[in-house]
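Working notes, beginning with the structure itself.
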Amino acid sequence: MSSTRSRSLRDLLRVRPGSKVRLGSIDPAATHGREKAASGAELQAGLDRLTDLQDRVWAEQKHKVLIVLQGIDAAGKDGSVKHVMTAFNPMGCVVTSFKVPTPIELGHDYLWRVHQRVPGKGEIAIFNRSHYEDVLVVRVHDIVPKAVWSRRYDHINAFEELLTSSGTTVLKFFLWIDRDEQRARFQDRLDDPDKRWKFRLGDLEERKLWDDYVAAFEDALGRCSTAAAPWYVIPSNKKWFRNLAIADIVGDTLADLDPRYPPSEEDLTGVVVE
Ligand code: AMP
Ligand code: MG
């Protein structure tokens, strides 16, 4: 077995705080010693572990977990929710997909809508896009001036510090595909009538801005990966590996919380159901 297997994916794929991220040097097709043939069974085992852990998190009503999914268009954010987060009982799991802000949202600071969706005790919240859009699409399209967006990395670190120091576990996944993979996935969306709803002509315009998005992602990953709220770069050209890696890292993180079924709050000794 390959030596890379001796290190956990959580360790291998985590962005070190303060590091300069160069996505060009990260292979989006990497599989780190995992094999496709074994991936079905491996993923199922990972999902079973997630189901068990979340059941305990929900029962215990103690931990709060926030999972952020980001990635360029067609990187697999929706697919990750569908194939990995499906392990969670919908009770205790909330998915929020952040879209273009509404006028009411725009009337507030950009973290306002985000803060409302963070997890409470016992909950796992999944962000499909997030506050990072405010240093990604907003930066690439000059929706606000540089003087405004450039201060947001500090806001975001402070916001996430507030969450983690209040007992929220935060983990952030950047799904990394290359341009060729995006082309293939867009073409597939165009060709398959059942997937056409996912495609918008505007996606082609965004694709032209690939390099700008890469630069924006590199800054967000490098500046906002902290010990308490780490970013993970998930090689995502291979969907089976993406799913395995996310299930593995979320599973290791939840296992570290050691969630337990709580004892009854009442004295039940000798109680019999008639
Ligand atoms: P989708 O995820 O394909 O449903 O698309 C959601 C769209 O909302 C994407 O084009 C995002 O770039 C956009 N979006 C999300 N958050 C923001 C934001 N804060 N500012 C501007 N656009 C955003
Ligand atoms: Mg889209």
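Start at 1 and go down the list; that is how both ligands and their atoms are numbered. None of these values were measured; they are calculated from a predicted model.
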Does the salt bridge (Lys or Arg N to Asp or Glu O under 4.0 Å) test come out yes or no for D219 and R223, once each step is laid out?
CA-CA 6 Å; D219 279 350; R223 296 185 64 177; 5.7 Å; no

Among all residues two or more places apart in sequence or in another chain, which pass the ring pair (Phe, Tyr, Trp, His ring centres under 6.0 Å) test with H115?
F159

Look at the rings of W231 and Y132 and say which category their plane angle falls in: under 30° parallel, 30 to 60° tilted, over 60° perpendicular.
perpendicular

I'd like to know whether W149 forms a ring pair (Phe, Tyr, Trp, His ring centres under 6.0 Å) with Y110, so could you lay out the CA-CA distance, the side-chain angles of the two residues, the decisive distance to 0.1 Å, and finally the verdict.
CA-CA 11 Å; W149 61 251; Y110 68 98; over 10 Å; no

Only one of Q70, K172, R117 forms a side chain to side chain donor-acceptor pair (under 3.5 Å) with S130, so which one is it?
Q70

Test side-chain contact (heavy atoms from CB on, under 4.5 Å) on V94 and F127; report intermediate values, then the result.
CA-CA 9 Å; V94 192; F127 284 0; over 6 Å; no

Distances under 3.5 Å, N/O of ligand 1 against N/O of the protein: list each pair and its distance.
from	atom 1	to	atom 2	distance (Å)
ligand 1	2 (O)	R129	NE	2.6
ligand 1	2 (O)	R129	NH2	3.2
ligand 1	4 (O)	K99	NZ	2.4
ligand 1	8 (O)	V100	N	3.2
ligand 1	12 (O)	E133	OE1	3.4
ligand 1	16 (N)	K99	O	3.4
ligand 1	16 (N)	R113	NH2	3.2
ligand 1	19 (N)	R113	NH2	3.3
ligand 1	19 (N)	D134	OD1	3.2

